[in-house]
Amino acid sequence: MNIILLGPPGAGKGTQSAGLVERHGMKQLSTGDMLRAAVKAGTPVGLQAKAVMDRGELVSDEIVSNLIDENLAAMPADQGAIFDGYPRTAAQAGDLDRILAKNGRSLDRVIELEVNVDALVERITGRFSCANCGALYHDTANPPAKEGVCDVCHSTEFKRRPDDNEETVRTRMEEYRAKTAPILPGYEERGIVSRVDGMAEIAEVASAIDAILA
Ligand code: ADP
Ligand code: ADP
Ligand code: ZN
């Protein structure tokens with residue numbers, strides 16, 4: 001099974017990907033996570049991407065498609081892939097088809113997380129993650145069970161993304177509207193789009209996704 005989770009920043013793609021990894025042993029391919037790892041490691045890609053990400057703009061198609069290509073090639077053939085935050089442009093959607101074909105795979109489903117745009121700034125400005133294992137949390141909607149302690153690994157160190165501020169979020173939303181949303185009709189024509197109410201509680205969204213994949 002190869003699926004895309006599609007939705008604007010803060011829609012819940014990362015949260016739902018983590019659930020799918022845990023429940024179904026799929027692999028999450030998040031270009032955002034890959035880029036942040038490259039920035040942290042100070043690789044040439046990271047050095048090039050950092051300023052663009054801090055502004056909330058899109059990194060070049062070539063960079064992100066290469067990351068997906070490398071990571072998909074390294075996966076066992078029988079493991080399902082979740083594309084999280086990729087593709088984000090029409091060019092990337094074309095790249096993905098070619099990369100999948102090269103690896104003997106094809107796209108099974110595009111799951112669109114439908115969210116109310118007004119809720120997204122709050123979701124993103126309240127987002128934080130475990131500095132040790134990356135588990136995702138939210139100040140009010142999804143805090144750790146014990147304040148200050150990660151549910152998953154019990155670390156007490158947390159971090160926030162530098163681009164999770166209100167101003168950058170506005171740019172990221174606009175990038176989504178202008179460049180990412182327009183790739184949906186192409187997938188609709190192929191009859192592979194399913195929609196999920198992303199405003200429901202995290203567990204309900206997870207059940208709705210499982211029902212689609214069943
Ligand atoms: P994305 O990967 O689409 O940018 P995330 O999964 O990182 O989104 O979620 C953004 C923030 O919203 C996180 O802080 C997360 O804990 C929270 N969140 C995710 N799904 C929901 C939901 N269904 N209801 C409320 N908050 C949510
Ligand atoms: P979110 O889902 O919250 O918007 P991501 O972690 O997916 O955040 O992406 C963070 C940033 O990384 C984006 O704002 C963009 O600069 C860059 N990025 C991630 N994925 C892509 C992509 N597929 N194409 C271009 N830029 C990307
Ligand atoms: Zn943790």
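Since the model is a prediction, treat every value here as computed from it, not as a measurement. We count residues from 1, following the sequence as given. When a ligand or atom number is given, it counts from 1 through the structure's own listing order. Hydrogens, waters and symmetry mates are skipped; everything else that's a heavy atom, side chains included, is used.
Side-chain N or O atoms of K27 include none that pairs as donor or acceptor with a backbone N or O of M75 at under 3.5 Å. Without hydrogens or angle criteria, D164 side chain to R160 main chain gives no donor-acceptor distance under 3.5 Å.
By the 6.0 Å contact criterion, CD on E188 is enclosed, its count of non-hydrogen atoms from other residues, nucleotides or ligands being greater than 12.
With E175 as the partner, the salt bridge (charged side-chain N to carboxylate O under 4.0 Å, His left out) test is satisfied by one option alone out of R172, R177, K179: K179.
Counting only N and O atoms by type, the side chains of S207 and D210 include no donor and acceptor under 3.5 Å apart. A side-chain donor from one of T89 and D61 sits under 3.5 Å from a side-chain acceptor of the other. No side-chain donor-acceptor contact under 3.5 Å links N132 and S155. Side-chain contact, S65 with Y86: a donor N or O sits under 3.5 Å from an acceptor N or O. Remark: the R55 side chain and the T171 side chain contain no N/O donor-acceptor pair separated by less than 3.5 Å.
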Between ligand 2 and the protein, give all atom pairs where both partners are nitrogen or oxygen and the distance is under 3.5 Å, as lines of names plus distance to 0.1 Å.
from     : atom 1 : to   : atom 2 : distance (Å)
ligand 2 : 2 (O)  : K13  : NZ     : 3.1
ligand 2 : 3 (O)  : R127 : NH2    : 2.9
ligand 2 : 3 (O)  : R172 : NH2    : 2.8
ligand 2 : 4 (O)  : R88  : NH2    : 2.9
ligand 2 : 4 (O)  : R172 : NH2    : 3.3
ligand 2 : 6 (O)  : R36  : NH1    : 2.9
ligand 2 : 6 (O)  : R36  : NH2    : 2.9
ligand 2 : 6 (O)  : R161 : NH1    : 3.3
ligand 2 : 7 (O)  : R88  : NH1    : 3.1
ligand 2 : 7 (O)  : R88  : NH2    : 3.3
ligand 2 : 8 (O)  : R161 : NH2    : 3.1
ligand 2 : 16 (O) : E57  : O      : 2.6
ligand 2 : 20 (N) : T31  : OG1    : 2.8
ligand 2 : 20 (N) : G85  : O      : 3.4
ligand 2 : 20 (N) : R88  : NH1    : 3.0
ligand 2 : 23 (N) : T31  : OG1    : 3.4
ligand 2 : 23 (N) : G85  : O      : 2.9
ligand 2 : 23 (N) : Q92  : OE1    : 2.9
ligand 2 : 24 (N) : Q92  : NE2    : 3.0
ligand 2 : 26 (N) : V59  : N      : 3.1

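Here is the list of ligand 1 atoms found below 4.0 Å of a heavy atom in L136: 6 (O), 7 (O). Applying the 4.0 Å criterion to heavy atoms of A141 picks out, from ligand 1, the atoms 25 (C), 26 (N). Here is the list of ligand 1 atoms found below 4.0 Å of a heavy atom in H138: 14 (O), 16 (O). Every atom of ligand 1 with a heavy atom of G198 under 4.0 Å away is listed here by number and element: 23 (N).
Computed with the Zn ion (ligand 3) at the centre, the C130 SG to C150 SG angle is 110°, stated to 10 degrees. Remark: at the Zn ion (ligand 3), atom SG from C153 and atom SG from C133 enclose 110°, rounded to the nearest 10 degrees.
Between A200 and ligand 1, an N or O atom pair is found at a separation short of 3.5 Å. Remark: ligand 1 and Y137 share an N or O pair separated by less than 3.5 Å (distance only, no angle test).
By the criterion of a heavy-atom distance under 4.0 Å, the side chain of N142, and not its backbone, is placed next to ligand 1.
The Zn ion (ligand 3) does not have H154 among its coordinating residues (no N/O/S atom, backbone or side chain, under 2.8 Å).
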Salt bridge (charged side-chain N to carboxylate O under 4.0 Å, His left out) assessment of D69 paired with K102: CA-CA 9 Å; D69 198 359; K102 201 169 78 179; 2.8 Å; yes
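No chain of hydrophobic side-chain contacts below 4.5 Å, direct or via other Ile, Leu, Val, Met, Phe, Trp or Tyr residues, connects I212 to V110.
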